[in-house]
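First comes the structure, then the notes that go with it.
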Amino acid sequence: MGADHGHTLHWHGHSPLHRAPAHLKVVGLVVFVLAVVATPNHWYAAFAGWLALLLGVIAVSGVPLRYLLPRMVAEVPFVVFAVLLPFIAQGERVEVLGLSVSASGLVAAFGLLAKGTIGVLASLTLAATTETTALLIGLQRLRVPAQLIQIMSFMVRYLDVVTSELGRMRVARESRGFRARDPRQWPVLARTLGALFIRTYERGERVHLAMLSRGYDGTIPEAALAAPARAHGSHGHAHHGAPQPGTSTQPHPGRAAREVAAR
Amino acid sequence: MHVPNGFLDAPTSVATGVVATAAVGVALVKARKELDDRTAPMAGLIAAFIFAVQMLNFPVGAGTSGHLMGGALAAVLVGPWTAVLSTSVVFIVQALLFADGGITALGTNIVLMGLSTVLVGYLVFLGMRAVLPKRASFVPLAAALGALVSVPVASLVFVVLYAIGGNADIDLAALATAMVGVHVLIGIGEAVITYLAVASIVSVRPDLVHGARPLLEQRRLVIHDTAPATSSQETSA
């Protein structure tokens with residue numbers, strides 16, 4: 001699927017984990033993380049066990065840890081919160097390195113860090129070993145409503161188009177000498193958002209017209225439902241390997257108009 | 001800022017998951033009224049837009065910057081149900097493909113940043129639109145007030161969830177004070193940016209702003225001497 005280059009977390013590979021059906025991986029992830037989250041904070045050995053299990057799975061997947069570790073930055077704000085916990089939590093105080101901290105806060109901080117870290121690493125493992133298309137098919141197997149899957153597939157498909165539109169706007173601003181330093185530059189940045197919304201909305205309308213002109217009647221055909229990868233291919237829209245999804249969305253004016261008139 | 005796995009206990013995570021599932025289910029039905037058969041492509045592109053909105057950093061000064069949460073903005077631009085649907089899809093994709101926000105906290109994140117900011121922002125917006133003069137030029141102000149209120153209310157919802165399923169015994173009054181205090185400041189930033197962004201759209205294409213449409217219908221047809229330029233600009237990607 002052409003949208004996969006927007007999915008930067010994927011690590012190409014052919015391990016058993018890469019080949020495993022996506023719905024099993026999603027269910028596995030949810031069950032694993034729920035089990036980790038439900039583990040009491042003071043069961044330190046259990047967390048070591050969960051981490052060992054996860055590291056074993058990562059070893060099987062062949063995704064290097066040095067690829068996964070830098071991508072764990074999403075966790076940082078909560079690490080800060082966890083570090084502060086022993087100081088702000090209530091209850092019995094204990095002395096650690098000459099500092100008076102809350103005993104329960106210390107245990108809670110450990111739990112937060114352990115659960116957060118194992119959770120992020122597990123999510124990264126799913127993202128690194130699962131293609132976008134496979135994931136959407138997996139969600140379909142899990143009875144996620146078809147309409148929601150369609151919306152997700154459109155979002156993933158156009159993510160790169162919309163974000164690179166934002167990138168081109170940044171290049172245009174900065175090539176005219178614009179530098180965002182403080183709130184005085186907010187009006188320019190906010191107008192960028194306004195322009196991006198108008199362009200995105202109009203692109204959505206063009207995509208819809210292009211679909212109508214190819215016979216879209218509000219539902220994706222049964223045959224295509226079985227494989228979301230080709231769901232929109234049956235409308236001839238945004239084909240596999242189409243270099244620029246945006247350029248293929250211009251509707252044929254005559255056919256689109258007839259289609260609309262016929263409705 | 002997404003809630004990670006393990007921040008709230010398992011029963012609370014499951015409960016917010018059920019609430020989020022119900023909300024997305026209702027939004028799927030109601031969004032069809034806002035978009036009819038355009039739902040799939042439009043909601044998908046608006047989700048991509050919200051994702052991009054959260055990528056654009058606004059400098060606050062001293063080297064720090066923040067980004068819009070965009071719940072109230074999306075509600076005013078595309079209508080509340082499409083906004084709930086699109087923001088929820090953003091969180092699902094972020095959790096599954098970008099490992100951003102815990103997968104067991106997905107329901108919590110949807111309830112906090114999708115459902116509560118969108119609905120609170122939209123309700124305040126509706127209230128303000130009813131009170132303010134009935135002109136499209138007041139829509140950005142109403143949207144800004146919606147954004148201003150939505151962010152601290154979402155932080156209060158977080159405190160309530162933490163009180164039910166939090167994993168540490170923090171003084172809840174202190175947590176509520178700190179969270180609301182910080183989020184009032186964030187809300188002011190959100191309000192200013194929402195005002196500026198909605199104003200820029202209302203001045204160019206007021207017909208695209210869902211929250212401005214009831215006001216536009218009251219406009220009377222004005223015939224100019226010279227025909228205005230056609231509005232169909234075929235911008236290619």
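Values in this document were obtained by computation on a predicted structure and should not be read as measured data. Proteins get letters first, then strands, A, B, ... in listed order; numbering begins at 1 in each. Just so you know, these numbers use all the heavy atoms, side chains as well, and skip hydrogens, waters and symmetry mates.
Remark: B:Leu68 CG to A:Leu189 CG distance equals 11.0 Å, nearest 0.5 Å. Here CG of B:Leu8 is found 10.5 Å from NZ of A:Lys115. Values are rounded to the nearest 0.5 Å. Rounding to the nearest 0.5 Å places CD of A:Glu205 at 10.5 Å from CG of B:Leu45. The CE atom of A:Met152 sits 7.0 Å away from the CG atom of B:Leu97 when rounded to the nearest 0.5 Å.
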Using a 3.5 Å cut-off and no angle test, enumerate the donor-acceptor pairs between side-chain atoms of residues 118-125 of chain A and protein atoms at least two apart in sequence or in another chain.
from     : atom 1 : to       : atom 2 : distance (Å)
A:Ser123 : OG     : A:Gly119 : O      : 3.1
A:Thr125 : OG1    : A:Leu121 : O      : 2.7

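Closest non-hydrogen pair, B:Ala10 versus A:Leu34, comes out as CB-CD2, 4.2 Å. Across A:Arg191 and B:Ser200, no two heavy atoms sit closer than the pair CG-CB, 3.6 Å. Minimum heavy-atom separation, A:Met155 to B:Ala48: CG-N, 3.7 Å. When all heavy atoms of B:Ala52 and A:Thr163 are compared, the closest pair comes out as CB-CG2, 4.3 Å.
Proximity to chain B is limited to the side chain of A:Pro145, based on heavy atoms less than 4.5 angstrom apart. Neither the backbone nor the side chain of B:Ile50 comes within contact range of chain A, judged by heavy atoms closer than 4.5 Å. Contacts of B:Leu77 with chain A are made by both backbone and side-chain atoms, with heavy-atom separations under 4.5 Å. Heavy atoms of A:Ile198 lying under 4.5 Å from chain B belong to its backbone as well as its side chain. Looking at B:Val24, only its side chain comes within 4.5 Å of chain A, counting heavy atoms on both sides. In this structure, chain B has a heavy atom under 4.5 Å from the side chain of A:Leu135, while its backbone stays farther away.
Along residues 83-90 of chain B, the residues that come nearer than 4.5 angstrom to chain A, judged on non-hydrogen atoms, are B:Leu85, B:Val89, B:Val90 in order of number. Residues of residues 184-192 of chain B that come closer than 4.5 Å to chain A, counting heavy atoms only, are B:Gly189, B:Val192, ordered by residue number.
By the 4.5 Å heavy-atom criterion applied to side chains, A:Val144 and B:Ile92 are not counted as neighbours. Side-chain atoms of A:Val162 and B:Phe51, non-hydrogen and from C-beta on, never get closer than 4.5 Å to each other. Considering only heavy atoms from C-beta on, A:Thr130 stays 4.5 Å or farther from B:Leu96 through its side chain.
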Should A:Leu196 and B:Leu56 be marked as a side chain to side chain contact (heavy atoms under 4.5 Å, CB included) after you check the CA-CA gap, both sets of side-chain angles, and the distance that decides it?
-> CA-CA 11 Å; A:Leu196 186 69; B:Leu56 185 66; over 6 Å; no

Stepwise, does the side chain to side chain contact (heavy atoms under 4.5 Å, CB included) test hold for A:Val36 with B:Thr104?
-> CA-CA 10 Å; A:Val36 172; B:Thr104 56; over 6 Å; no

Apply side chain to side chain contact (heavy atoms under 4.5 Å, CB included) to A:Leu193 and B:Leu196, showing your working.
-> CA-CA 9 Å; A:Leu193 286 187; B:Leu196 293 167; over 6 Å; no

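Checked against ring pair (Phe, Tyr, Trp, His ring centres under 6.0 Å), A:Phe197 has the following partners two or more places apart in sequence or in another chain: A:Tyr201, B:Phe49.
Interface check for chain A: of the options B:Ser13, B:Ala47, B:Ala105, B:Ala95, the most heavy-atom pairs under 4.5 Å are formed by B:Ala47.
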